[in-house]
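A short worksheet on the structure shown next.
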Amino acid sequence: MSDTLVTIIAIALAAILMFIFPLMTMSDRTDDVAQLTVDTATTEFVDDIRTTGKITPEKYNQFLETIGSTGNTYNVEMEAQILDENPGKKTTQTQREKIGENVYYSVYTSQIEEKLNNSESYKLKEGDIVSVDVKNTNQTLSQQLKNFFYKVVGNDTYTIAASHGGIVTATGK
C-alpha cells in the first residue's frame with residue numbers, strides 16, 4: 001500500500017515538473033515580450049507627439065493596434081498639460097517669462113479621444129506636457145497560473161504596464 005502511495009506521489013510530482021513549470025516559464029516569457037512591446041510602443045508614441053506637437057487619429061490607432069497585438073486588452077490614459085496662453089488674467093502676479101510661474105491646465109483621455117474620433121488631430125504647442133499610461137485589463141496566462149498555484153496576484157493588479165511623458169518641443173500645425 002505504501003509503495004502505491006509513493007508511486008502516485010512521484011507521478012504527480014513528475015507531471016508538475018514536466019508540464020506545469022515549463023508552462024509557467026513560457027507564460028512569464030510571453031508577459032515579458034508583451035511588456036517590452038507595450039513599453040517600446042508607448043515610448044515611440046509619446047516621442048512622436050513631443051516632436052510633432054500633435055496627436056493624430058492615425059498614430060493613435062496604430063499605437064492601439066501595436067499594443068493590442070500582444071493579445072491583451074489595455075487601459076490607455078493620456079494627459080496633456082496645456083501651457084496657459086494668458087496666465088495674467090487668472091492670477092495677479094504672474095509673468096510668462098518668469099521661471100517657475102507657468103500655469104498649466106490638464107486635458108484628459110476622453111477629451112482627446114473625442115477630438116480624435118471626429119478625425120481631427122489634437123494639436124499641442126511648444127512647452128505643453130504630455131504623458132501616456134498603459135495598463136493591461138485582462139488576466140494573462142501567467143497571472144492565472146500564479147493565482148492557481150500561489151494565490152499571489154489579486155484581481156485588481158496588472159502585470160503589463162508602461163508610462164512615458166515629456167515636454168512638447170514643437171508646435172503642431
Side-chain angles (χ1 to χ4, degrees), residues 26-92 94-144 147 153-173:
M26 290 305 295
S27 63
D28 280 343
R29 293 309 139 246
T30 303
D31 280 1
D32 290 345
V33 169
Q35 173 66 45
L36 182 62
T37 302
V38 169
D39 201 27
T40 303
T42 304
T43 301
E44 288 175 357
F45 179 62
V46 171
D47 287 347
D48 180 63
I49 294 169
R50 290 178 53 233
T51 56
T52 61
K54 60 185 172 181
I55 304 170
T56 64
E58 296 81 23
K59 291 285 186 180
Y60 183 61
N61 290 332
Q62 180 183 1
F63 170 65
L64 293 178
E65 285 179 23
T66 302
I67 63 174
S69 70
T70 62
N72 298 309
T73 56
Y74 296 93
N75 181 24
V76 177
E77 295 178 10
M78 295 184 286
E79 179 183 5
Q81 294 179 357
I82 310 300
L83 184 61
D84 196 349
E85 292 282 336
N86 195 0
K89 286 188 175 182
K90 293 181 183 67
T91 59
T92 56
T94 305
Q95 296 175 4
R96 185 171 171 86
E97 293 80 26
K98 202 168 183 183
I99 296 175
E101 292 207 14
N102 291 333
V103 178
Y104 289 91
Y105 64 91
S106 293
V107 177
Y108 296 101
T109 307
S110 60
Q111 296 162 308
I112 296 170
E113 284 180 342
E114 183 179 315
K115 197 159 191 177
L116 294 176
N117 288 338
N118 293 330
S119 298
E120 298 177 42
S121 295
Y122 191 85
K123 293 183 170 65
L124 301 165
K125 62 186 172 307
E126 187 176 350
D128 292 347
I129 300 171
V130 64
S131 65
V132 177
D133 295 319
V134 180
K135 296 177 185 170
N136 72 310
T137 56
N138 65 318
Q139 280 198 340
T140 64
L141 179 61
S142 176
Q143 284 177 298
Q144 292 171 353
N147 277 343
V153 181
N155 291 336
D156 294 336
T157 61
Y158 52 87
T159 57
I160 302 170
S163 180
H164 193 66
I167 297 176
V168 177
T169 58
T171 300
K173 296 178 181 172

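Because the structure is a prediction, the values reported are computed rather than measured.
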Quick one: closest heavy-atom pair of [X] and [Y], and the distance?
{"X": "T66", "Y": "A41", "value": "CG2-CB, 3.7 Å"}
{"X": "P57", "Y": "S121", "value": "CD-OG, 4.1 Å"}
{"X": "A162", "Y": "V38", "value": "CB-CG1, 3.7 Å"}
{"X": "A161", "Y": "Q35", "value": "O-NE2, 2.6 Å"}
{"X": "G166", "Y": "V46", "value": "N-CG1, 4.4 Å"}
{"X": "G127", "Y": "L83", "value": "O-CB, 4.4 Å"}

* Asked: Could you go step by step and tell me if D47 and T51 meet the side-chain contact (heavy atoms from CB on, under 4.5 Å) rule?
  -> CA-CA 6 Å; D47 287 347; T51 56; 5.5 Å; no
* Heavy atoms, side chains only, cut-off 4.5 Å: are H164 and F45 in contact? -> no
Atom pair [atom1] ([X]) and [atom2] ([Y]), whose distance is rounded to the nearest 0.5 Å:
{"X": "Q139", "Y": "T159", "atom1": "CD", "atom2": "OG1", "value": "9.0 Å"}
{"X": "I82", "Y": "D128", "atom1": "CD1", "atom2": "CG", "value": "4.0 Å"}
{"X": "N138", "Y": "N75", "atom1": "CG", "atom2": "CG", "value": "12.0 Å"}
{"X": "S142", "Y": "M26", "atom1": "OG", "atom2": "CE", "value": "12.0 Å"}
{"X": "M78", "Y": "I49", "atom1": "CE", "atom2": "CD1", "value": "7.0 Å"}
{"X": "Y108", "Y": "Q81", "atom1": "OH", "atom2": "CD", "value": "7.5 Å"}

* To do: Output yes when a side-chain donor or acceptor of N117 lies under 3.5 Å from a complementary backbone atom of E113, and no otherwise.
  =>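 Flag set: sc N117 to bb E113 pair under 3.5 Å.
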* Under the side-chain contact (heavy atoms from CB on, under 4.5 Å) criterion, do R50 and V130 qualify, and how do the steps go? -> CA-CA 7 Å; R50 290 178 53 233; V130 64; 3.9 Å; yes
* Option passing side chain to side chain contact (heavy atoms under 4.5 Å, CB included) with V76 (candidates D133, T42, V134, T109) -> V134
* D32 vs L36, side-chain contact (heavy atoms from CB on, under 4.5 Å): CA-CA, chis, key distance, verdict -> CA-CA 6 Å; D32 290 345; L36 182 62; over 6 Å; no
* More than 12 heavy atoms from other groups under 6.0 Å of CD on E114 ->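 At most 12 heavy atoms, drawn from other residues, nucleotides or ligands, come within 6.0 Å of this atom.
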* Which is it for T52 and K59 under the side-chain contact (heavy atoms from CB on, under 4.5 Å) test, yes or no, and what are the steps along the way? -> CA-CA 11 Å; T52 61; K59 291 285 186 180; over 6 Å; no
* Asked: Between the side chains of Q111 and Y122, does any donor sit under 3.5 Å from an acceptor?
  ->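 Short answer, no.
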* Asked: Among T70, N72, T140, whose side chain to side chain donor-acceptor pair (under 3.5 Å) with D31 holds?
  -> T140
